[in-house]
Structures are given as C-alpha cells and as structure tokens.
Amino acid sequence: MKTIFYFIASCFISTFAFWGALVARNPFPLYGVGFGIWALFIWGYNQRSKREADKRFHERMFQDYMRSKNRNANRW
C-alpha cells in the first residue's frame, strides 16, 4: 500500500516538474527534480524489497528452528 502511494506521489511531482520545465528559462533544475524523484522512488522500493526479503528469510529460519525443536522434543 505504501508503494502505491509513493508511486502516485512520484507521478504527480515529476509530471509537474516536467511541465514546469517546458516553460522555464532554465529547465535543467526541473529536469533534476523530475528524474530525481524517480531515482528516490526506485531507491526506496529497493530498500523496502530488501527489508521484506530479509524479514521473510528470518521468519523461515525461525520456523525451521521451531520445527527442529519440536522433532527433537518428540524423540525423548
């Protein structure tokens, strides 16, 4: 849900920056804003994806650990 909000916000900000670049005397700062917001969006998406993958990995490792503890408890 957070990613969709960031995507829509990035679309709006970059659209207005590029429209502003059409009429600006010096459009390069607005190009920087337009492309920079997309760079921030992609960077943030990668960070969230890595965090989610790390969380899934740790949850899977914990489940495997608990499964092995349960098997060992049943042997005795």
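Throughout, numbering of the chain's residues begins at 1 and tracks the sequence. Quick caveat: nothing in here was measured; it's all calculated off a predicted structure. Side chains are part of it too, since the values below use all heavy atoms of this structure and drop only hydrogens, waters and symmetry mates.
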Asks: If two hydrophobic side chains count as joined below 4.5 Å and joins carry through other members, does Phe41 share a cluster with Ile37?
Replies: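 Yes, Phe41 connects to Ile37 through the hydrophobic network.
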
Asks: In Å and rounded to the nearest 0.5 Å, what is the CD to CG distance from Glu59 to Asp54?
Replies: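 If we round to the nearest 0.5 Å, Glu59:CD and Asp54:CG are 10.0 Å apart.
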
Asks: Once rounded to the nearest 0.5 Å, what's the spacing between atom CZ of Arg60 and atom CZ of Arg56?
Replies: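 Here the interatomic distance stands at 7.5 Å.
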
Asks: By salt bridge (charged side-chain N to carboxylate O under 4.0 Å, His left out), which residues pair with Asp64, not counting sequence neighbours?
Replies: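 In terms of salt bridge (charged side-chain N to carboxylate O under 4.0 Å, His left out), with neighbours along the sequence ignored, Asp64 is linked to Arg67.
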
Asks: What distance do Tyr45 atom OH and Lys50 atom NZ have between them, rounded to the nearest 0.5 Å?
Replies: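 Separation between the atoms: 12.5 Å.
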
Asks: Could you pull out all donor-acceptor pairs under 3.5 Å where a side-chain atom in residues 13-24 meets a protein atom, sequence neighbours excluded?
Replies:
from: Ser14; atom 1: OG; to: Ser10; atom 2: O; distance (Å): 2.9
from: Ser14; atom 1: OG; to: Cys11; atom 2: O; distance (Å): 3.2
from: Ser14; atom 1: OG; to: Trp38; atom 2: NE1; distance (Å): 3.0
from: Thr15; atom 1: OG1; to: Cys11; atom 2: O; distance (Å): 2.6

Asks: Can you list the steps and then say if Phe5 with Met1 is a side chain to side chain contact (heavy atoms under 4.5 Å, CB included)?
Replies: CA-CA 7 Å; Phe5 173 74; Met1 187 69 177; over 6 Å; no

Asks: Are Phe7 and Ile42 connected, step by step, through hydrophobic side chains (Ile, Leu, Val, Met, Phe, Trp, Tyr) whose heavy atoms are closer than 4.5 Å?
Replies: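 Linked within one cluster.
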
